[in-house]
S.K.: 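Below are the structure tokens for one structure; questions will follow.
All residue numbers refer to positions in the sequence shown, counting from 1. Counting starts at 1 for both ligands and their atoms, following the listed order. Because only heavy atoms are used, hydrogens play no part in the values below, and waters and symmetry mates are left out as well, while side chains stay in.
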Amino acid sequence: MQGPGMCLKLFLAFALLLLQCVEGGEVGRNHRDANVTGRCIEKERQALLAFKRGMVDKFDVLSSWGLEIQKQDCCRWIGVSCSNQTGHVLQLDLSYKVMDEHYYSLEGKMISPKLIELQYLHHLDLHGINFNGSQFPNFIGSLSNLRYLDLSDTLLGGKFPSQVGNLTNLQHLGLSFNDFTNAENLDWLPLLSSLRYLDLSGTNLSNVLDWPEAINKLPELTNLTLWECDLPSPILSPLSYINSSKSLASADLSFNHLSTSIFLWLSNYNTSLVYLDLTNNFLAGSIPDVLGNMSTLAHLDLSNNQLEGGDPHSFSRLCSLQSLDLATNRLNVSGQLAKFVQILFSTCAQNSLEILDLSWNGIAGSLPDLTKLSSLATLLLNNNKFSGVISGTHFSKLSKLQVLDFSWNDLAGSLPDLTNLSSLEILFLHNNQLSRAIPEIFGSVFSKLF
Ligand SMILES: *[C@@H]1O[C@H](CO)[C@@H](O)[C@H](O)[C@H]1NC(C)=O
Ligand SMILES: *[C@@H]1O[C@H](CO)[C@@H](O)[C@H](O)[C@H]1NC(C)=O
Ligand SMILES: *[C@@H]1O[C@H](CO)[C@@H](O)[C@H](O)[C@H]1NC(C)=O
Ligand SMILES: *[C@@H]1O[C@H](CO)[C@@H](O)[C@H](O)[C@H]1NC(C)=O
Ligand SMILES: *[C@@H]1O[C@H](CO)[C@@H](O)[C@H](O)[C@H]1NC(C)=O
Ligand SMILES: *[C@@H]1O[C@H](CO)[C@@H](O)[C@H](O)[C@H]1NC(C)=O
Ligand SMILES: *[C@@H]1O[C@H](CO)[C@@H](O)[C@H](O)[C@H]1NC(C)=O
Ligand SMILES: *[C@@H]1O[C@H](CO)[C@@H](O)[C@H](O)[C@H]1NC(C)=O
Ligand SMILES: *[C@@H]1O[C@H](CO)[C@@H](O)[C@H](O)[C@H]1NC(C)=O
Ligand SMILES: *[C@@H]1O[C@H](CO)[C@@H](O)[C@H](O)[C@H]1NC(C)=O
Ligand SMILES: CC(=O)N[C@H]1CO[C@H](CO)[C@@H](O)[C@@H]1O
């Protein structure tokens, strides 16, 4: 019968074709495999050379990048890494991290649009190269394989590049300190659902009232840096946070316009937050209770605000706290410092706290009892109004204390026996009313001073 015979023939022909294709592919790949270590892909080499032409390389940092026959393999050029399997350029890293040892001094006129040829690129780091106001290159939104993009401190200009929202594989995005115009919104941000690291410092976000919601929608985000962004304080609506992410470990929101409502937003992260920097904001009044539930917090910087203390219980559950900076606030106002310190130091933080800074607060009264802070290494109480004598009981057991600053207070009397402070390296006592010079008997300790 003709029908089935024809079918069989067709089938055989097709099978043969398939086989050839497979073999062909196989051979081709083997062939290329053997040679990719020796030579990069020509089209990508040309793209890199075009990129180099957009740079100002006064000190010949990119000397390994060239047309010469011995420089043919662009995979060996400084800052370039290729796939061992395919030879495609995967990584271009000209940040100071890589270039430092090569006398970093690269500048740029423009980021060449030819870079679009590097379609397999997943890591692009030009951190710190001065592009002197050159426009952010739009094509970067089309490098869809990018997982890591760092264009921080590049002085790129133009409109804020919201087209990075098209780079849906991004895990790391650094765009801090450029010359972009204000970001109008962060509507593009939730598209980056794999993002773990975000740094937009120095970008004016004063008009982006819903920035907290945009951040909440990033399920994998662990590191957030938004300092000097003119950030407005969150407007709290309980609904906004219902589906919030829970992953944030590190938040630097310093130098903004935040009020204490920020703490309520941050309580979304009360099981993940390890590092929190809110220095130089508009935090005023009491430290809210919610802070006390951030039991994973290890580093807390609230300096340069107008905080007046708070319910001492605010700190009662901070069992991992290692450093607490409350410098330059108004802890003198409420007059409950003694109670505050007492509670802080009678809770679990007493065993973990290594750095305590209460300087520049105008705090009056006698020195608090610090004996329980067994891990304390740095204690800064300078520029307050502490009065009375320094008693040995204030710190007789602080064997790990290395830095102690009591300067600019109203302390009187003589210095107690400090021989038990066996780790002490730096001691500031000046500008007090202390009656005697430092006794010689403590020579063993003071030989280490200054
Ligand atoms: C590629 O090969 C080099 C040298 O053999 C090796 O050091 C490097 O780790 C490999 N890279 C990848 C991504 O496998
Ligand atoms: C930066 O650009 C300005 C013009 O926008 C120009 O006058 C200046 O010379 C440039 N600086 C450098 C270092 O190229
Ligand atoms: C993504 O790219 C498309 C076309 O390339 C563009 O129209 C769109 O505006 C981009 N999206 C964002 C968020 O920039
Ligand atoms: C940020 O933008 C707002 C609104 O456009 C403006 O009032 C403010 O001065 C800007 N901040 C800085 C630091 O330029
Ligand atoms: C929270 O997420 C669920 C499931 O994705 C969705 O149905 C719900 O509408 C979301 N709620 C809010 C307030 O966004
Ligand atoms: C992210 O934050 C954590 C916790 O503070 C820190 O240990 C880590 O180094 C940060 N990662 C990056 C890439 O900055
Ligand atoms: C702190 O945590 C406790 C127990 O998990 C909870 O009952 C309390 O409501 C929390 N307080 C705040 C202010 O979130
Ligand atoms: C974390 O904060 C939420 C409110 O945002 C609260 O309901 C919860 O009890 C807190 N969890 C802990 C462990 O404190
Ligand atoms: C708190 O300290 C500030 C600055 O040292 C001072 O101006 C203020 O009068 C003090 N207030 C009280 C109540 O002691
Ligand atoms: C130093 O420590 C020892 C042992 O803990 C203690 O007996 C002694 O009183 C302490 N000396 C001073 C001056 O605090
Ligand atoms: C296996 C293979 O094709 N090797 C080739 C790699 O490239 C060199 C020239 O650069 C050829 O000589 C090899 O034959």
S.K.: Provide the full list of salt bridge (Lys or Arg N to Asp or Glu O under 4.0 Å) pairs with a residue in residues 117-143, sequence neighbours left out, each pair given once.
M.R.: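 Non-adjacent pairs meeting salt bridge (Lys or Arg N to Asp or Glu O under 4.0 Å): K43-E117, K97-D125.
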S.K.: Any idea how F160 and F180 line up, ring-wise: parallel (<30°), tilted (30 to 60°), or perpendicular (>60°)?
M.R.: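 Plane angle over 60°, so perpendicular.
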S.K.: If the cut-off is 4.0 Å to any non-hydrogen atom of D230, which atoms of ligand 4 fall inside it?
M.R.: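 Listed by number with element, the hits are 1 (C), 8 (C), 10 (C), 11 (N), 12 (C), 13 (C).
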S.K.: Distance under 4.0 Å to a non-hydrogen atom of S206: what atoms of ligand 4 satisfy this?
M.R.: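 Every atom of ligand 4 under 4.0 Å from some heavy atom of S206: 1 (C), 2 (O), 3 (C), 4 (C).
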S.K.: What about the rings of W408 and F386, do their centers lie closer together than 6.0 Å?
M.R.: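 When the ring centroids of W408 and F386 are compared, they turn out to be at least 6.0 Å apart.
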S.K.: Applying side-chain hydrogen bond (donor to acceptor under 3.5 Å, both in side chains), can you list everything that pairs with D357, at least two apart in sequence or on another chain?
M.R.: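 Expected list: S359.
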S.K.: Applying side chain to side chain donor-acceptor pair (under 3.5 Å), which residue pairs with at least one partner in residues 272-283 are found, sequence neighbours left out?
M.R.: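 Side chain to side chain donor-acceptor pair (under 3.5 Å) check on residues 272-283 returns T279-S303.
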S.K.: Taking the side chain as every heavy atom from C-beta outward, state whether L151 and L173 have any atom pair closer than 4.5 Å.
M.R.: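 A side-chain contact under 4.5 Å is absent here.
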S.K.: Between ligand 4 and N207, is the shortest N or O to N or O distance under 3.5 Å?
M.R.: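 There is no such contact.
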S.K.: Are any of the side-chain heavy atoms of L266 and M294 separated by less than 4.5 Å?
M.R.: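 With C-beta onward as the side chain, the pair touches.
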S.K.: List, for ligand 6, each N/O atom that has a protein N/O partner under 3.5 Å away, with both atom names and the distance.
M.R.:
{"residue": "ligand 6", "atom": "2 (O)", "partner": "N223", "partner atom": "OD1", "Å": "3.4"}
{"residue": "ligand 6", "atom": "2 (O)", "partner": "N223", "partner atom": "ND2", "Å": "2.4"}
{"residue": "ligand 6", "atom": "11 (N)", "partner": "N223", "partner atom": "ND2", "Å": "2.8"}
{"residue": "ligand 6", "atom": "14 (O)", "partner": "N223", "partner atom": "ND2", "Å": "3.4"}

S.K.: I'd like to know if K58 pairs up with E107 as an ion pair, taking the criterion as any Lys NZ or Arg NE/NH1/NH2 lying under 4.0 Å from an Asp or Glu carboxylate oxygen.
M.R.: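 So K58 pairs with E107 through a salt bridge.
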S.K.: With a cut-off of 4.0 Å, which atoms of ligand 4 are near a heavy atom of N204?
M.R.: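 Numbered from 1, ligand 4 contributes 1 (C), 2 (O), 3 (C), 8 (C), 10 (C), 11 (N), 12 (C), 14 (O).
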